[in-house]
Novice: 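This structure is in structure tokens; I'll ask about it shortly.
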Amino acid sequence: MAVQRGALLRVLLVAVAAIGAAAAKVPAMFVFGDSTADVGNNDYLPWTIARANFPHNGVDFPGGKPTGRFSNGLIGVDFLAFDMGFSRSPPPYLSFMAIAANNISSEMMKNKTMAASAYMTGANFASGGSGVLDSTGTTISMTKQIEYFSDLKDQISTRLGAGRVSALLSKSIFLISAGGNDAFDFFTQNRSPDSTTLQQFSDAVISTYDSHVKTLYNSGARKFAVINVPLIGCCPYCRRQNPTGECIEPLNKLAKSLNDGIKDLFSNLSTEMQGMKYSIASSYELVSSLIENPQAAGLEEVKSACCGGGRLNAEEGCTPNSSCCSDRSKYLFWDLLHPTQATSKFAGLAFYDGPAQLVSPITFKQLVEA
């Protein structure tokens, strides 16, 4: 398997070398999910500590300032947006809400309907700590994220009319990156679940995922770009809980089970819902490949976090007082849970136009052009 993955990464590096920015090929991009996709929504939640609006986060972001991204710089959705022709991920939806709440009196921001014009090319609803299940986390649930989208759709419809909005949404990309926190929460509460408990959990996640996708479809979404559950048992947070420093395989097995369910779900939905198209990017397989052959992507350290403290730099989160590595480009993980900008860039390129082992049944590029 290591040899196969090594060959895969070499092919991928050649394949993505020519990918670059171009004019936007879709009208808009709407993003839903957890901290793997959050670009600052949690900054507007006064009740949560799940934030990244402080150093060392953002040290490599343009301007060197934290933005609410759980990273030293850009994250995967930024690079995917770049490949679709945008400058980076669309802005966090709650920043728009803040503008409306503050009643900024500029010509462009007279009311919520006018403010919505800034989101004609999309919005990011993702919230660090959330999951597919509403019971996961205490931030912005997936149900609430979709409600926010519905509100924004209504506001844009006021400007464009229902017919034009329907056409816009049918050609836009709806990106979902979720499920990891659901697995974390379940595993924390069920270290040795029996097969019945495990099946009940998986069924609940997939059933709820099904409901979310159908709600978005009924609101006009047709193109779904999905990022599956990562190899979460191999993140520094999990490794440091293992006396050997190795991955927690039961957690990886749980992630794989969810991914199998997600794959079957979208395959079934695409036959049920007219005009629906989808692409699933395997974050699970990508991280596996990078751990087995990091040199292919220019990485050197795949176990420890770049920013943190304690064993594997993962007994503490990334804070202004944390130890921070000097060469972030060599690390797979930025903090105890999240990838570095270097990893995210590689992932974005791989998911946009990589091999079938990493993105299927079509690539994100093919989804964009469909």
Novice: What pairs with Tyr148 under ring pair (Phe, Tyr, Trp, His ring centres under 6.0 Å), at least two apart in sequence or on another chain?
Specialist: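 Tyr148 satisfies ring pair (Phe, Tyr, Trp, His ring centres under 6.0 Å) with Tyr93 once adjacent residues are dropped.
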Novice: For Ser322 versus Thr319, what's the shortest heavy-atom pair and its separation?
Specialist: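 Heavy atoms of Ser322 and Thr319 come nearest at OG-N, 2.8 Å.
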Novice: Quick one about Asn41 and Ser127 (side-chain donor to acceptor, distance below 3.5 Å, no hydrogens or angles considered), yes or no?
Specialist: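 On atom types as modelled, these side chains do not qualify, holding no pair under 3.5 Å.
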Novice: Hey, are Lys365 and Glu369 close enough for a salt bridge, meaning a charged N less than 4.0 Å from a carboxylate O?
Specialist: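 Salt bridge: yes.
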Novice: With clusters defined by side-chain heavy atoms of hydrophobic residues (ILVMFWY) lying less than 4.5 Å apart, directly or transitively, does Leu80 cluster with Tyr284?
Specialist: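 Yes, same cluster.
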Novice: Minimum heavy-atom separation for Ser282 to Gln357, with atom names?
Specialist: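 That closest heavy-atom pairing would be CB-O, 4.2 Å.
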Novice: To the closest 0.5 Å, what do you measure between SG (Cys325) and OH (Tyr331)?
Specialist: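 If I round to the nearest 0.5 Å, the distance is 5.0 Å.
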Novice: Would you compute the distance between atom CG of Leu45 and atom CD1 of Ile140 and round it to the nearest 0.5 angstrom?
Specialist: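 So the CG of Leu45 and the CD1 of Ile140 are separated by 4.5 Å.
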Novice: Using the test disulfide (SG to SG under 2.5 Å), find all partners of Cys318 that sit at least two apart in sequence or belong to another chain.
Specialist: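 Per chain and number, Cys318 pairs via disulfide (SG to SG under 2.5 Å) with Cys307.
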Novice: For Tyr352 and Phe364, I'd like to know if the aromatic rings sit close, meaning centre-to-centre distance below 6.0 Å.
Specialist: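 Here the rings of Phe364 and Tyr352 have centres that are no less than 6.0 Å from each other.
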Novice: For Val205 versus Val132, what's the shortest heavy-atom pair and its separation?
Specialist: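 Scanning both residues, the minimum pair turns out to be O-CG1, 3.5 Å.
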Novice: Would you mind writing out the side-chain donor-acceptor pairs for residues 260-268 within the sub-3.5 Å range, not counting sequence neighbours?
Specialist:
residue, atom, partner, partner atom, Å
Asp260, OD2, Lys256, NZ, 3.4
Asn268, ND2, Asp264, O, 3.2

Novice: For the pair Phe201 and Phe186, name the ring-plane relationship: parallel under 30°, tilted 30 to 60°, perpendicular over 60°.
Specialist: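 Rings of Phe201 and Phe186: parallel, as their planes differ by under 30°.
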Novice: Within 45 degrees of the ring normal and closer than 6.0 Å to the centroid, is that where the cationic atom of Arg88 sits relative to Phe82?
Specialist: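 Ring-cation test returns no.
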